[in-house]
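Have a look at the structure below before the remarks.
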Amino acid sequence: MSAAAVVLAAGKGTRMKSAVPKVLHPICGLPMIAHVVNNLREAGVERILVVVGQEGQEIQGLLGSEVEYVVQAEQLGTGHAVLQAEAVLQGCSGPVLVIHGDTPLYRPGTLRDLIEAHQSSKALATVLSVVVDDPTGYGRIIRDAADRFAKIVEQKDAGPEEALVKEINSGTYVFECEPLFEALHQISPENAQAEYYLTDVLEIIKEQAGKVEIFIHGDHEEALGINNRVQLAAAERILRDRIRERWMRAGVTMVDPATTYVDAEAELAPDVVLLPFTFIEGRTRVAAGSVIGPFSRVKDCVVGENVTISQATVLESSLDADSTVGPYSYIRPGCRLAEKAKVGGFCEIKNTTVGPGSKVPHLTYLGDTSIGSGVNIGAGTITCNYDGKKKHPTVIDDGAFVGSNCNLVAPVEIGAGAYVAAGSTVTNDVPPGALGVARSRQRNIPDWVQRWSSKTNAPEEG
Ligand code: UD1
Ligand code: CA
């Protein structure tokens, strides 16, 4: 099947009340139009043309050269929008699927079935219809006495009887290329909205004795078009449910699916366990046996096998097998936890590697740090990696031991097997195997309290 698709995305999307073009609003972490393009690709569509308005640069910036673009300078209606693709599709053979950029919920299988039904019926046009309880706002499918396609009537042009029809035009169609453009040249904006309606093309084809078919689809949810934020949230809910169900069927445990959020592009292995209030975002990949949550957010990460992340935020980092994070820690972009590494409670680390089996158990900040294997970082230790102008690196070699509450003033290196005494502010490298002490010596003043008390007056009232 060598089908082409025309995606209509030139509309302004005014009802979104947004500075962002409608089709770029994300659903489950992916812009609406990227879902549409992915669905078309999965359905086997080879060539995708996106009709954009004059401010289409953002859409082009997102989709890049993966698709072709056609500019519709003025939004004169859906028919006018498709007509803009004529030059690009000149001489094409095979079916052309037309779909709106704001309908991200079609299953690829549905689109494939639509194209196949169109081809096997030898129709010149096939429209996907659904039956809805409330057809308000949609074009109505009007059938003839033989129950076949007669025409599509827009809400604003509908008579009282037509308005009662609950079978609606989804806005998704398949056409044969030549008759489509021939008919598009014949439509006129003589209607309530003074627009060139794509829907009129079907009636024209039919009047010219061409075959027009209706592909009635049982799941009306798939045809949901997003015009406002309420529908955006509805689409998000539907897609999230599908994603959750897919991963649970693939072997992922979700203790409370209702509070488990997995983005469209995330990938989870069997026997991953997601605990309540957990967000797996972006292109995160999680390997088998890892347990994430409760109350965790993991974005654009690679998580190895049997990793534990508890009540933590982990961004753009990789966590190797058997490493653990949390509770209450923040792993910022550019970190890597090697096998069996641990970042415990109330830590923040950024652009930092924690080597195999190394531990950063509590209350620590590490920035731009490279830690070898078998290192232990005491509670309260921080790297002073920023001098107000530049960031500097800290290196802590294999087997080193940094006592509690140290300040490591970068750039600085703690050699292999070296110790740093608790409470040190380290400004010079500590050689391998040495003890670095950088604090003043303790001095005890005998009987100081007694003398101080007798010198001071009795405490004031209140
Ligand atoms: C359209 C259909 C209607 C159908 C409904 C389904 C027509 C005349 N009507 O109505 O029968 O029930 O979709 O949602 O087609 N667009 C452009 N350029 C334009 C106008 C629109 O690219 O000049 C794009 C929009 O960005 C949008 C899509 O086409 O993605 C649909 O446009 P919209 O104005 O929402 O059509 P509806 O009035 O909803
Ligand atoms: Ca619409």
Side-chain angles (χ1 to χ4, degrees), residues 5-16 18 20-25 31-33 35-37 40 49-56 58-59 69-85 97-106 125 127-132 134-142 149-158 162-163 165-173 175 180 183-184 187-204 212 214-217 220-228 231-232 234-235:
V6 177
V7 181
L8 305 187
K12 291 211 165 58
T14 352
R15 284 167 285 176
M16 292 296 280
S18 176
V20 177
K22 175 166 82 174
V23 296
L24 293 185
H25 281 260
M32 209 183 287
I33 194 157
H35 285 282
V36 176
V37 168
L40 289 168
L49 270 73
V50 180
V51 181
V52 296
Q54 256 165 344
E55 291 123 36
E58 277 181 81
I59 296 173
Y69 301 92
V70 175
V71 177
Q72 184 194 23
E74 258 189 294
Q75 277 68 67
L76 302 178
T78 48
H80 180 258
V82 175
L83 193 55
Q84 308 312 301
L97 190 148
V98 175
I99 189 169
H100 297 177
D102 61 3
T103 52
L105 296 179
Y106 284 108
V127 52
L128 191 149
S129 77
V130 290
V131 175
V132 293
D134 177 12
T136 308
Y138 288 105
R140 313 295 202 277
I141 302 274
I142 307 301
F149 180 89
K151 59 180 176 176
I152 295 169
V153 178
E154 291 306 299
Q155 162 99 23
K156 288 183 179 143
D157 303 294
E162 290 168 332
V165 172
K166 292 186 168 181
E167 184 180 15
I168 58 115
N169 167 26
S170 66
T172 304
Y173 326 75
F175 297 95
L180 166 64
L184 275 173
I187 61 176
S188 68
E190 279 148 30
N191 51 56
Q193 301 181 85
E195 283 182 6
Y196 291 90
Y197 288 168
L198 174 61
T199 45
D200 287 350
V201 158
L202 293 102
E203 200 182 341
I204 291 170
V212 177
I214 301 170
F215 178 89
I216 185 163
H217 186 54
H220 64 83
E221 254 179 17
E222 284 186 49
L224 178 69
I226 293 157
N227 297 311
N228 57 45
Q231 289 167 326
L232 182 70

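Numbering of ligands and ligand atoms starts at 1, following listing order. These figures come from a predicted structure and were not determined experimentally.
- For ligand 1 and Y138, the ligand atoms under 4.0 Å from any heavy atom of the residue are 6 (C), 12 (O), 14 (O).
- Between G77, S129, A81, it is G77 that holds the heavy atom closest to atom 20 (C) of ligand 1.
- Residue Q72 holds the heavy atom nearest to atom 17 (C) of ligand 1 of all those in R140, Q75, Q72, E195.
- Contact detail for M32 and D102: the closest heavy-atom pair is SD-CA, 3.7 Å.
- In the displayed structure, E55 atom CD is contacted under 6.0 Å by at most 12 heavy atoms of other residues, nucleotides or ligands.
- Remark: ligand 1 and N227 share no N or O pair separated by less than 3.5 Å (distance only, no angle test).
- Here atom 25 (C) of ligand 1 lies nearest to G11 when heavy atoms of G137, G11, P21 are compared.
- The two atoms that bring A9 and I33 nearest to each other are CB-CD1, 3.9 Å, heavy atoms only.
- An N or O contact shorter than 3.5 Å is missing between G171 and ligand 1 by distance.
- Residue contacts with ligand 1, taken as heavy atom pairs separated by less than 4.0 Å, do not involve A223 at all.
- Those atoms of ligand 1 that come under 4.0 Å of a heavy atom in A10, given as number and element, are 17 (C), 18 (N), 22 (O), 26 (O).
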ask   = Do Y197 and N191 pass the side chain to side chain contact (heavy atoms under 4.5 Å, CB included) test, and can you show the C-alpha distance, the side-chain angles, and the key distance before you say yes or no?
value = CA-CA 9 Å; Y197 288 168; N191 51 56; 3.4 Å; yes
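- Within the 4.0 Å heavy-atom criterion, the part of L76 lying near ligand 1 is the backbone and not the side chain.
- For ligand 1, the atoms lying closer than 4.0 Å to a non-hydrogen atom of A9 are 22 (O), 26 (O).
- Contact between S129 and I214 at its shortest, heavy atoms only, is OG-CG2, 3.4 Å.
- Every atom of ligand 1 with a heavy atom of T78 under 4.0 Å away is listed here by number and element: 7 (C), 8 (C), 15 (O), 20 (C), 21 (C), 29 (O), 31 (C), 32 (O).
- The shortest heavy-atom distance from E154 to ligand 1 is under 4.0 Å.
- Polar contact check, Y197 against ligand 1: no nitrogen or oxygen pair lies under 3.5 Å apart.
- By heavy-atom distance, the residue among Q193, H100, K156 lying nearest atom 1 (C) of ligand 1 is H100.
- Screening L128, L97, L198 against Y173 for a side-chain contact (heavy atoms from CB on, under 4.5 Å) leaves a single residue, L198.
- For the residue pair H25 / S18, a side-chain donor-acceptor distance below 3.5 Å is found, with atom types taken as modelled.
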task = Kindly determine whether V82 and L8 satisfy side chain to side chain contact (heavy atoms under 4.5 Å, CB included), including the steps that lead there.
result = CA-CA 7 Å; V82 175; L8 305 187; 3.8 Å; yes
query = Can you check side chain to side chain contact (heavy atoms under 4.5 Å, CB included) on I152 and I141, steps first, answer last?
reply = CA-CA 5 Å; I152 295 169; I141 302 274; 4.1 Å; yes
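- Distances shorter than 4.0 angstrom occur between a heavy atom of T199 and an atom of ligand 1.
- Closest approach of N227 to R15, counting heavy atoms only: O-CB, 3.2 Å.
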